[in-house]
Every structure is written in structure tokens, then in C-alpha cells.
Peer 1: 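If you scroll down you'll find the structure; I have some questions about it.
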2 protein chains.
Amino acid sequence: MTVLSSSDQTRVRLLEAAREVFSQCGFQGATVREICRRADANVAAVNYHFGSKDGLLAEALNFSALKALQSANIAADHCPEMRLRLFIKSFMLLLLDENGASRQCQMMAREMADPTPALDKIVSEAIAPLHEFLAKLIREIIGAGADEAEVRRCVYSLIGQCVFYRNSHPVLQRLRPELRYDEQEIEAIAVHIADFTLAALRIKKPAGNVSVVEQL
Amino acid sequence: MTVLSSSDQTRVRLLEAAREVFSQCGFQGATVREICRRADANVAAVNYHFGSKDGLLAEALNFSALKALQSANIAADHCPEMRLRLFIKSFMLLLLDENGASRQCQMMAREMADPTPALDKIVSEAIAPLHEFLAKLIREIIGAGADEAEVRRCVYSLIGQCVFYRNSHPVLQRLRPELRYDEQEIEAIAVHIADFTLAALRIKKPAGNVSVVEQL
DNA sequence: CAACATATCAAACGCTTGTTTGAAAGTAAA
DNA sequence: TTTACTTTCAAACAAGCGTTTGATATGTTG
């Protein structure tokens with residue numbers, strides 16, 4: 001068992017607080033003072049431990065949850081359609097879980113709209129692999145002969161549907177104040193996106209015909 | 001012919017510059033000084049003419065283009081499916097046109113991610129009507145008996161696909177540096193989203209069966 | 001213990017932000 | 001021209017930002 005030194009304790013508290021504030025307010029909106037307040041640390045602590053606000057963001061970013069999701073999905077012994085369903089379900093849980101054990105995806109979703117100094121790292125280390133993973137999965141569904149641009153746009157259609165619920169949360173909250181992202185709601189959303197996407201992908205298959213079995 | 005007084009000239013220059021900067025940088029990122037610089041006006045001009053930065057945003061917002069799009073669509077003498085195609089095409093033009101005669105939609109797209117004091121107005125005057133318009137159109141396509149929650153999620157799927165290209169532009173630019181939103185690209189995107197969405201909607205029809213004719 | 005490196009802290013720094021001020025310039029009617 | 005009102009402007013203001021500083025604790029090592 002490794003023991004945390006006093007400085008390490010402050011570090012992890014800062015990182016945790018940073019993920020909280022960054023995911024809620026975005027990089028611009030978040031202030032070093034607010035992060036330090038939640039971490040019960042002095043204002044100077046951020047620059048002492050991470051050099052700068054940028055450095056804190058870079059270290060706060062962590063794509064392990066997203067990568068684990070993909071690894072588990074590849075390892076799963078299911079047909080491509082079912083693997084797409086599983087991906088969407090777990091991806092939406094990462095994006096919408098309000099208890100937020102994993103705020104990393106929410107931070108990423110924020111970065112997408114407002115570029116920050118860390119966007120390059122996010123794109124190359126997390127988003128690009130994610131897109132490739134989905135492109136491969138979609139290609140398994142619609143057939144290997146599919147046009148590259150078409151596959152890419154299908155990936156965009158899928159991701160667009162998913163991140164919409166996170167990016168437009170302030171809007172949706174105003175449209176339907178009773179909205180809560182509990183487990184049932186997230187499940188229902190995931191099922192809808194999966195049904196919607198699979199139906200759209202089905203007619204992209206080269207043959208273009210739909211078996212009755214697949215529709216059930 | 002109405003003549004603009006000197007003060008009116010400054011007003012319109014400020015509004016134009018504000019739409020430019022707000023749509024590019026967001027409300028938080030935009031600075032009064034930058035807006036005034038582009039409008040060739042003094043820093044104090046914003047507060048003199050609009051009271052505050054918030055007031056400038058409120059007056060800069062203008063939903064006429066979005067409303068005109070919906071009116072024209074309702075008036076068009078086409079089947080629901082074709083009207084959906086037309087909507088997507090013109091909506092994507094509003095969202096992606098880089099020459100940006102109409103930056104209003106781009107401003108709205110920005111507000112969705114980062115709530116500002118003006119979001120309530122945007123939601124009630126522009127977004128809510130847009131969602132209702134789309135819900136009605138989708139109901140015409142999949143049949144009146146459709147579940148309300150299901151229709152709503154279809155609307156989200158459609159809008160999510162559309163705004164993705166705008167909200168994630170910084171990311172897509174890094175993934176594919178050669179990307180340009182010229183007229184051909186926008187047309188191709190619109191066709192994809194329409195095909196994708198109509199295919200997904202088709203299996204939501206009560207009967208659940210797909211005629212061969214519709215697939216062509 | 002003494003000596004050293006590490007970590008914390010209150011305070012301040014330099015800068016940018018939105019906003020205000022009071023004087024100057026412009027405009028229009030009497 | 002005089003008067004009254006509107007619009008512009010340079011300058012400053014107060015507040016918030018990320019960051020730095022130098023002193024003070026804290027912990028570790030010889």
C-alpha cells in the first residue's frame with residue numbers, strides 16, 4: 001500500500017476539484033480560485049504543483065474511462081450491431097452521469113465547443129482513436145465496401161446525437177424543466193439512439209434489403 | 001428612403017461587429033473592446049447605446065432567418081419527406097456558411113453550450129418554436145399516433161446531427177485539416193443527414209414495414 | 001539537534017475585463 | 001448666435017483574473 005505524502009494529497013484534491021469545475025464551467029469559465037476553494041488549498045497551490053492553469057488542465061485530462069470502454073467493447077463476444085448498442089449505452093453513461101465518477105468525457109465535450117490549449121492533445125489522444133474505433137465498427141455493420149466519406153459522416157451522425165444531450169443540456173433543461181438524467185432516462189436515450197442509428201445504417205448495406213428478423 | 005442619423009450608424013456598426021465577434025468567440029470570449037475596434041467606435045459606445053454588454057447581445061440576437069426558413073418550409077408544396085430534406089439543407093447553410101450573412105444561428109449554437117443571460121430569450125423565442133416545428137414535421141412522416149417522447153428524441157437526433165458540425169468544428173478541423181465548408185460540402189452533409197434521418201424515421205412508422213419504392 | 005529541501009500561506013503584482021466619468025464635439029431649433 | 005440636446009472620446013475606475021513573492025510552517029536527512 002502506497003502512502004500519499006502531504007503534497008500528493010493536495011495534488012489529488014486539486015485534480016479532483018479541477019475536473020469538477022472544468023466540466024461544469026469550461027476552461028475559460030473556471031477560475032483557479034474556485035478550484036482551490038473546493039480543494040481546500042491556497043491559490044498559489046495550482047502554480048506550485050502544476051506550473052499554470054494550463055498545466056492543471058493537461059494533468060486533469062484523463063482518457064482511461066473512454067479507452068477502457070473501447071477495449072471492453074472490442075473484447076465483447078457479440079455481433080457488431082449489439083456492440084454498437086453496448087457502446088452507445090456506456091458512452092451515454094459517461095456523458096450524462098451526474099454523480100460524475102468520470103467527468104473526463106464531460107470535460108472533453110466542453111473542449112469541443114471552445115478550443116483550449118489542450119485541444120490538440122484531446123483530439124490526437126482521445127477523439128481521433130474514438131472516431132477510428134467507431135468507423136471500424138460501423139464498417140463491420142454496413143460492409144467493408146462502404147465509401148470512406150460516407151462512413152465518416154455516419155460516425156458524425158452517431159457522435160452528434162450522443163453529445164447533443166450533454167452540449168445542449170442547458171437548453172433541454174429549459175425546454176423540459178422536469179428533465180433528470182437518472183439511469184432509466186439514460187437507458188431510454190441510449191436505446192433510442194441505437195435504434196435510430198442502426199435503422200439508418202441498415203439501408204446503407206450494399207444490398208439495400210432489410211431482413212424481417214433484423215427489424216425485430 | 002430613411003436616412004440614418006450618425007448615432008444610428010454607430011448602432012448598426014456595433015450590432016454587426018457584435019454578431020461577428022459573438023459568433024466567433026462566444027459571449028464570454030468576446031470583449032467589448034474588440035467589438036468596438038471592429039465597429040470603429042469608442043469603448044464607451046456599447047454602454048451608451050445598449051446599456052451593457054448583455055444589452056448588446058440581446059439586441060444583436062435576431063431570429064428572422066430561422067423563422068423565415070420555417071415559414072417558407074411550411075408554405076412549400078411538397079410531401080413531408082421532401083420538406084424535411086429542404087429544411088436540413090437550408091438549416092445547414094445557416095449553420096455553416098462561412099461568409100456568414102446570417103451569423104444568428106451560429107450565435108445560437110454557441111449559446112447552447114455556454115448559457116448566457118440571453119439564453120432564456122433564445123430558448124423561448126427561437127429554439128422552442130423550432131423544436132415544435134420539427135416535431136410536427138416528423139409526426140407527419142411517422143404518423144400521428146407516435147409517442148410524444150419518441151418524437152421528441154427524433155427531433156433531438158436530427159438537431160444533434162446538424163449542430164454537431166458547427167459545435168465540433170474546431171475538432172473536425174484538426175481531424176481533417178483540409179476540411180472546408182463550401183457549398184458542395186454543405187450540400188453533401190445535408191443529403192447525408194436527410195438520408196440518415198429519413199431511413200431511421202421510416203421504421204418508426206406504425207406498420208413498421210418499408211416499401212421497396214421508398215427505399216430508392 | 002541542526003540543516004536542508006519541500007510545501008503552504010497571505011499578500012500583492014500586472015493585466016484585462018465591463019463600466020463610468022466629465023469634458024469636448026456635433027447637431028438642430030429658436 | 002445662442003441654447004439645449006445628443007453623441008463621441010480619452011481617461012480612469014473597480015473588480016476579477018492568473019501568477020509571483022517572500023515568509024512561515026512542515027517534514028526529512030545527516
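Throughout, a chain's letter reflects where its sequence line sits, starting with A, and its residues are numbered from 1.
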Peer 1: Side chain of Val32(B) only, heavy atoms from C-beta on: which candidate in dT19(D), dG18(C), dT20(D) is closest?
Peer 2: dG18(C)

Peer 1: Whether Arg37(B) and Glu34(B) form a salt bridge (side-chain N of Lys/Arg under 4.0 Å from carboxylate O of Asp/Glu) is what I want to check.
Peer 2: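 The answer is yes: the pair qualifies as a salt bridge.
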
Peer 1: Whole-Å distance between dC17(D) P and Leu56(A) CG?
Peer 2: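 It works out to 15 Å between those atoms.
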
Peer 1: Should Phe22(B) and Ile35(B) count as side-chain neighbours, where that means a heavy-atom distance under 4.5 Å?
Peer 2: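 Yes. Closest side-chain heavy atoms under 4.5 Å.
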
Peer 1: Can you measure Leu57(A) atom CG to dT19(D) atom C1' for me and round it to whole angstrom units?
Peer 2: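 In whole Å, dT19(D) C1' and Leu57(A) CG are 17 Å from each other.
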
Peer 1: Should Phe196(B) and Arg153(A) be marked as a side-chain contact (heavy atoms from CB on, under 4.5 Å) after you check the CA-CA gap, both sets of side-chain angles, and the distance that decides it?
Peer 2: CA-CA 10 Å; Phe196(B) 196 96; Arg153(A) 293 204 178 98; over 6 Å; no

Peer 1: Could you give the CD-to-C1' distance, from Gln28(B) to dT16(C), as a whole number of Å?
Peer 2: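 Atom CD in Gln28(B) sits about 14 Å away from atom C1' in dT16(C).
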
Peer 1: In terms of side-chain heavy atoms of Ala44(A), which of dA10(C), dT21(C), dT17(C) is nearest?
Peer 2: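 Per side-chain heavy atoms of Ala44(A), the pick is dA10(C).
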
Peer 1: Taking the side chain as everything from C-beta on, heavy atoms only, tell me whether Glu150(B) gets closer than 4.5 Å to Ile142(B).
Peer 2: no

Peer 1: Between dT19(D), dC9(D), dT17(C), which nucleotide has the shortest distance from any of its atoms to the side chain of Lys53(A)?
Peer 2: dT19(D)

Peer 1: Grab the CZ-P distance between Phe50(A) and dA7(C) for me, whole Å please.
Peer 2: 12 Å

Peer 1: Measure the distance from CZ on Phe27(B) to P on dG18(C) and round it to the nearest whole Å.
Peer 2: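 In whole Å, dG18(C) P lies 8 Å from Phe27(B) CZ.
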
Peer 1: Within the structure, does a side-chain N or O atom of His49(A) lie under 4.0 Å from either OP1 or OP2 of dT6(C)?
Peer 2: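 Negative; the distance criterion is not met.
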
Peer 1: Arg37(A) CZ to dT8(C) P: how many Å, rounded?
Peer 2: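 Distance, rounded to whole Å: 19 Å.
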
Peer 1: Would you say Asn42(A) reaches dA7(C)'s phosphate, i.e. side-chain N/O to OP1/OP2 under 4.0 Å?
Peer 2: no

Peer 1: Rounded to whole Å, please give me the gap between CD in Gln9(A) and P in dT26(D).
Peer 2: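 Value for this atom pair: 14 Å.
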
Peer 1: So does Arg33(A) reach the base of dG18(D) with its side chain, donor to acceptor, closer than 3.5 Å?
Peer 2: yes

Peer 1: So, does Asn47(B) get its side chain near the phosphate of dG18(C), meaning an N or O under 4.0 Å from OP1 or OP2?
Peer 2: no

Peer 1: Taking the side chain as C-beta and beyond, is there a heavy-atom pair between Cys162(B) and Leu158(B) under 4.5 Å?
Peer 2: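 Yes - at least one pair of side-chain heavy atoms lies under 4.5 Å apart.
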
Peer 1: Ignoring the backbone of Tyr48(B), work out which of dC17(D), dC9(D), dT8(D) is nearest its side chain.
Peer 2: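 The answer is dT8(D), which lies nearest to the side chain.
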
Peer 1: Check the phosphate of dT8(C) against Thr10(A), side-chain N and O only, distance under 4.0 Å to OP1 or OP2. Yes or no?
Peer 2: yes

Peer 1: Mind calculating the distance between CG (Asp40(A)) and P (dA7(C)) to the nearest angstrom?
Peer 2: 18 Å

